[in-house]
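Computed from a predicted model, the values in this text were never measured in an experiment.
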Amino acid sequence: MFLIEVLFPQYLMPLTYICPEHLRQRALKGMVVTAPIRGNTKEGIILDYSQPDVERAYKLREITDVYDDTPLMSEVHLKLLEWIGQYYHARPGLVLKSMIPDLQTVINADAPKRAARSTKPIAAVDRQAASNAGHCLPPLDEIEVTQETLKPVEDAMKKNVFSVHLLHTPSYAYGIKYMLEAVRLTGSAIVLCPEIDGLKAITESLSDAVGGDICLIHSSLPHGRRNNNYRAIVDGSIKFVAGTMSAILAPLKRPSLIVVLEEHSSHYKAERSPRYHARDVAVKRGLLEETTVLLISTCPSVSSYYNALTGRYKLIHPPVTYPRPSIRLIKTRQPVSYRVLKHLRKGTNLVYVNKKGYSTPVCSDCGYFYTCPRCKPIAATVPPHPLVLYNEDNVAGGANRFLFCNRCGYRTSPSVSCPECDGYNFTLIGSGTQRIEELLSQKLNTTAVRIDSDIIKGQQKTAKALAKMADATVVVATSVLLKPLHLHKRFKSITLVNPDVFLTMPHYQAMERLFQDVFSLSEMAREFIFIQTAMPDNPIYEFMKNYNYEGFVIHELKNRKELSYPPFSRMAIVNVICSVKSSLNAIRPVVEPFGYVEFKPSISGYDSGIHVSLRARGKVELNLTISRLQKMINDTGIKDVRLDVDVDPVAFF
């Protein structure tokens, strides 16, 4: 009896089946098979095979067919699938679904196709979209990438050995030009871009660089078009893949180069299981396939820069200077200082705010502020999550107001008096986009254009934002407008409102994210960046003022080492979610020694959740802690519990 392990693209572990004798010669690792499961016949991938040395007490079913004569997934791709499942503590079936979303359509060459334009890996409509999205791109022809700067990557590709290069690019446009020059030197590559708008902006230039078609992989592709692209990758007719984070999982056989643009971006981290980080998966894939990996960023992540400083990555620092606007610190506690208001009357300016909504109401008598009942922490070491006051959209003068949780979406009405002391003296602390929009419209006697995720929704965010602020003199925006490629030198000045909030955030990546935001904004301003702060003597502002990123990284690494934060330790978050409240009550005593926060799950069918944060010295210790917690929860015998593990969590500010 010949047994095979079959993995289905579902929330399952591999299942064991009998391989009939007439299919045995074709049943290779990576092949697609059909097999009975849950009363239906489904497609799955062969992970492994073996001959049993003992009789099983239960009866196994047989696979019904094997597709094609060559494996759909290579040995290396299967190893990558296994590593992602183990490292990120994710079900292998979910990893397979992320790699190839629709097995049946990909293997079916006779699957119905849509219009002819949709069956090509890159269609004319995409070129048009790319042209429209990228009309604000800086001219790449004016940027020169010298052969000397390109040589480390070129030499690595010629040797066909694994190496990781970190390009600390002087500007986003230089990074794009360097990527295009590197891709021209190879015959097969994967290029990752953190957002769809940015991907569309570079698609045409990338296609011209490779001299042919490329496959696009991103979430807004139509279903039929996406499957056509996967079929083109599998049958080997396409050698270049470009996309957002999921493109790193594309079944392209042994690419010569993997490029990760804006490697510091939080968009590379999956928000649902499997919670992989595309940049880290790119490095692992490069190791497995002996491929050159190129990470590009104007402001690299601290972890990547640490790897470069310690010799794990090779740092490329082009001898090119990029003119950036002068950074001026303004000491103030006002939402917008008089000095900034005076400057905003001239030219087109951006006011950057790190929070949506209006403000946070705080009782002046007792200091009480509203907190989210869903996100209310149980552990004393975890700070409560405040509710933010919002004005109802399209209600003049903010007559209808509500309190909203920006973390879980909880909404309620504010009370007239303080729930703690019955006082009536509420003070509005902090300023969101709505409050700044209102204030500027009053002070400047003009209409300020607000751009945040409440206003700009959907995939075409860049196009909508550009259209909305076409004739604006003052723009109030959150990080949704951090588009240095599209908004190159668009604003005369940019003002940061209340960046001090990053200094008080209970997350070790907060300072890093603030620095990265400032670097992005510096490519969108022509003359000045005003940073309003009540703490101008903080060392981080001095590093910013001089654009001294290397000095900031060394300072940050020193602090993290003292506090034992990554990269000097490993972290994970375990979300325990239940379908009924009674199950959560039974699990609380189990997780209490670890500390936890309750939250409202966004997964359909689950009503309650507990959020547990773990930290350990190294990967082995962290895995042991996660396994111990999982076992303790499993030992409760509760059936309606689901665990979602997030290894190397990223803060989505």
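Ile258 contributes atom CD1, which lies 9.0 Å from atom CZ of Phe162 (distance to the nearest 0.5 angstrom). The CD1 atom of Ile46 lies 11.5 Å from the CG atom of Leu72; values are rounded to the nearest 0.5 Å.
Partners of Arg275 according to the salt bridge (charged side-chain N to carboxylate O under 4.0 Å, His left out) rule, which considers only residues two or more places apart in sequence or in another chain, are Asp644, Asp646. With sequence neighbours excluded, no residue satisfies salt bridge (charged side-chain N to carboxylate O under 4.0 Å, His left out) with Lys639. The ring pair (Phe, Tyr, Trp, His ring centres under 6.0 Å) search around Tyr17 returns none, not counting sequence neighbours. Partners of Tyr88 by ring pair (Phe, Tyr, Trp, His ring centres under 6.0 Å), not counting sequence neighbours, listed by chain and number: Trp83. In this structure Tyr306 satisfies the ring pair (Phe, Tyr, Trp, His ring centres under 6.0 Å) test together with Phe568, sequence neighbours excluded. Scored by the salt bridge (charged side-chain N to carboxylate O under 4.0 Å, His left out) test, Glu43 finds no partners at all (sequence neighbours excluded). In terms of the salt bridge (charged side-chain N to carboxylate O under 4.0 Å, His left out) criterion, residue partners of Glu263 (sequence neighbours excluded) are, by chain and number, Arg279. By the side-chain hydrogen bond (donor to acceptor under 3.5 Å, both in side chains) test, His89 pairs with Asn623, sequence neighbours left out.
Screening residues 156-166 for salt bridge (Lys or Arg N to Asp or Glu O under 4.0 Å) gives Glu154-Lys158 as the qualifying pairs, with residues at least two apart or on separate chains. The side-chain hydrogen bond (donor to acceptor under 3.5 Å, both in side chains) analysis of residues 67-76, with sequence neighbours excluded, yields no pairs. Residues in residues 566-578 take part in these side-chain hydrogen bond (donor to acceptor under 3.5 Å, both in side chains) pairs, two or more places apart or across chains: Tyr87-Arg570, Asn575-His611. Listed by first and then second residue, the salt bridge (Lys or Arg N to Asp or Glu O under 4.0 Å) pairs that reach into residues 234-261 are Arg254-Glu290, sequence neighbours excluded.
The closest side-chain heavy-atom distance from His264 to Ser304 is not below 4.5 Å. Under the 4.5 Å side-chain criterion, counting only non-hydrogen atoms from C-beta, Ile84 is in contact with Val281.
Remark: the Glu262 side chain and the Ser297 side chain contain no N/O donor-acceptor pair separated by less than 3.5 Å. Using a 3.5 Å distance cut-off with no hydrogens or angles, the side chains of Thr34 and Thr41 do not pair a donor with an acceptor.
Annotation: cation-pi pair Arg24/Tyr49 absent, no NZ/CZ under 6.0 Å from the ring centroid and within 45° of its normal. A cation-pi arrangement is absent between Arg560 and Tyr565, since the terminal nitrogen or guanidinium carbon is not both under 6.0 Å from the aromatic centre and inside a 45° cone about the axis.
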